[in-house]
Amino acid sequence: MSNVTYKYIKQNPQIQTYINNADAALSSIGYTEHSNAHVERAAHTAHFILSELNFPERDCELAQIAAYMHDIGNVVNRVDHAQSGAIMAFQLLHEMGMPADEICTIISAIGNHDEHTASPVNHIAAAVIIGDKTDVRRSRVRNPDASGLAQDVHDRVNYACQQSKVYFSDDKSLLILDLTIDQRISSVMEYFEIFMDRMSLCRQAARTLGVEFGLVINNQKVL
């Protein structure tokens, strides 16, 4: 087993620099927050999912590491950021002495998290996909003024989300994303228009894990 832990990755100054600069690059083109708040939440959710499904603890930790590093490629360009991020992660993790099999697992997960090119190629990739795509929340909106929300539907949908929870059904057969949306800001239909590709990918990822994916909005099951 590698001595490269999630705690070590979080404290690594190089990785933190890439996360900070990737988020700054996205901020400059008007994208929602992709800073520590996003990657830590994605890492927490990915670990939670695999832990609840009784995967080995090291697999849970590898999912955390992959989720924490998944967006560093945005420092290069938003286009194909999953693939560039995977290459960057390979170099960083190789220099840390992580075994090749663990590096392969992590870069596969990073390279397969963007909905335009993603595929849940293994259980860790599946957990990272869900951790990333279920992070819908008001605090990701950088400029929540009325004029900005009117112009940017992604900001509007995120800002409308008052609460977001990910949990399993009692029998662990269903993984649920439970949202509370202020429909005075954005409608449920608008959420689907923007995020249906992401929800479809979450459904694929959940099935890779042997469960189904459900979406609840304002206490109503919609998927």
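Here, residue 1 is the first one in the sequence, and each next residue gets the next number.
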Identify, with sequence neighbours excluded, every residue that meets side-chain contact (heavy atoms from CB on, under 4.5 Å) alongside N143.
D145
Going by atom type alone, with no hydrogens or angles, which donor-acceptor pairs under 3.5 Å involve a side-chain atom of residues 44-55 and a protein atom two or more places apart or on another chain?
{"unit_1": "T45", "atom_1": "OG1", "unit_2": "R41", "atom_2": "O", "d": "3.1"}
{"unit_1": "H47", "atom_1": "NE2", "unit_2": "E57", "atom_2": "OE2", "d": "3.1"}
{"unit_1": "E52", "atom_1": "OE1", "unit_2": "K172", "atom_2": "NZ", "d": "3.2"}

Pairs meeting criterion salt bridge (charged side-chain N to carboxylate O under 4.0 Å, His left out) with involvement of residues 202-223, two or more places apart
R207-E212
Just checking, is any N or O donor in the side chain of E190 or S186 under 3.5 Å from an acceptor N or O on the other one?
yes
Taking transitive links into account, so neighbours of neighbours count too, which hydrophobic residues share a cluster with L149 at under 4.5 Å side-chain distance?
V141, Y159, I185
How about H34 and V39: do any of their side-chain heavy atoms sit closer than 4.5 Å?
no
Do V188 and M199 share a hydrophobic cluster, counting only Ile, Leu, Val, Met, Phe, Trp and Tyr and linking them when any side-chain heavy atoms are less than 4.5 Å apart?
yes
Judged by atom type as modelled, is there a donor-acceptor pair below 3.5 Å linking the side chain of S108 to the main-chain atoms of C104?
yes
Shared-cluster residues of V79, by chain and number - hydrophobic side chains joined below 4.5 Å
none
Taking distance alone, no hydrogens or angles, what donor-acceptor pairs closer than 3.5 Å link side-chain atoms of residues 85-92 to residues at least two apart or in another chain?
{"unit_1": "Q91", "atom_1": "NE2", "unit_2": "E95", "atom_2": "OE2", "d": "2.7"}

Rounded to the nearest 0.5 Å, what separation is found between the CD1 atom of I110 and the CD1 atom of I65?
9.5 Å
Heavy atoms of other groups near D171 CG, more than 12 under 6.0 Å:
yes
Side chains of I217 and Q220 in contact at under 4.5 Å (non-hydrogen atoms):
no
Mind checking side-chain contact (heavy atoms from CB on, under 4.5 Å) for S200 and listing every partner two or more places apart, or none if nothing turns up?
M196
Going by the ring pair (Phe, Tyr, Trp, His ring centres under 6.0 Å) test, which pairs reach into residues 194-223, not counting sequence neighbours?
Y191-F195
Heavy-atom side-chain contact between I181 and Q162 under 4.5 Å
no
Would you mind reporting whether D101 and T105 have side-chain heavy atoms less than 4.5 Å apart?
no
Given side-chain contact (heavy atoms from CB on, under 4.5 Å), test R137 with D135 step by step and report yes or no.
CA-CA 6 Å; R137 54 187 161 83; D135 185 16; 2.6 Å; yes
Report yes or no: does T208 contribute a side-chain atom to a donor-acceptor pair with the main-chain N or O of Q204 at less than 3.5 Å?
yes
Would a 4.5 Å heavy-atom cut-off, applied to side chains only, mark Y8 and M96 as touching?
yes
Starting from V216, walk the hydrophobic network (Ile, Leu, Val, Met, Phe, Trp, Tyr; side-chain heavy atoms closer than 4.5 Å) and list everyone else you reach, by chain and number.
Y167, L174, I176
Donor-acceptor check, side chain of R140 to backbone of E33, threshold 3.5 angstrom: yes or no?
yes
Output all residues satisfying side-chain contact (heavy atoms from CB on, under 4.5 Å) with Q151, sequence neighbours left out; order by chain, then residue number.
none
Let's go through I106 and M98 carefully: what are the C-alpha distance in whole Å and the side-chain angles of both, what is the deciding distance for side-chain contact (heavy atoms from CB on, under 4.5 Å) to 0.1 Å, and is it a yes or a no?
CA-CA 11 Å; I106 288 172; M98 179 177 273; 3.7 Å; yes
For T180 and C161, run side-chain contact (heavy atoms from CB on, under 4.5 Å): C-alpha distance rounded to whole Å, both residues' side-chain angles, the deciding distance at 0.1 Å, then the answer.
CA-CA 6 Å; T180 301; C161 184; over 6 Å; no
Would you mind reporting whether L175 and V166 have side-chain heavy atoms less than 4.5 Å apart?
yes
Using side-chain hydrogen bond (donor to acceptor under 3.5 Å, both in side chains) as the criterion, point out the one residue from D152, D155, N158, D23 that pairs with R142.
D23
Taking side-chain contact (heavy atoms from CB on, under 4.5 Å) as the test, write out the residues that go with D80, two or more places apart.
Q83
Residues 120-134 side chain polar contacts: donor-acceptor under 3.5 Å, at least two apart:
{"unit_1": "N122", "atom_1": "OD1", "unit_2": "I124", "atom_2": "N", "d": "3.1"}
{"unit_1": "N122", "atom_1": "OD1", "unit_2": "A125", "atom_2": "N", "d": "2.7"}
{"unit_1": "H123", "atom_1": "NE2", "unit_2": "D59", "atom_2": "OD2", "d": "2.8"}
{"unit_1": "D132", "atom_1": "OD1", "unit_2": "H38", "atom_2": "NE2", "d": "2.9"}
{"unit_1": "D132", "atom_1": "OD1", "unit_2": "H70", "atom_2": "NE2", "d": "3.2"}
{"unit_1": "K133", "atom_1": "NZ", "unit_2": "H113", "atom_2": "O", "d": "3.0"}
{"unit_1": "K133", "atom_1": "NZ", "unit_2": "E115", "atom_2": "OE1", "d": "2.7"}
{"unit_1": "T134", "atom_1": "OG1", "unit_2": "I130", "atom_2": "O", "d": "2.6"}

Worked check of side-chain contact (heavy atoms from CB on, under 4.5 Å) between I9 and L93:
CA-CA 9 Å; I9 291 295; L93 297 172; 3.9 Å; yes
For side chain to side chain donor-acceptor pair (under 3.5 Å), just list the numbers for N74 and Y31, CA-CA rounded to whole Å, side-chain angles, deciding distance to a tenth of an Å, and then say yes or no.
CA-CA 11 Å; N74 283 303; Y31 272 70; over 6 Å; no
Between atom CG of L26 and atom OG1 of T32, what is the distance when rounded to the nearest 0.5 Å?
7.5 Å
Side-chain touch Y6/L62, heavy atoms, less than 4.5 angstrom
no
Report the distance from atom CD1 of I72 to atom CE of M69, rounding to the nearest 0.5 Å.
4.0 Å
Heavy-atom side-chain contact between I19 and Q16 under 4.5 Å:
yes
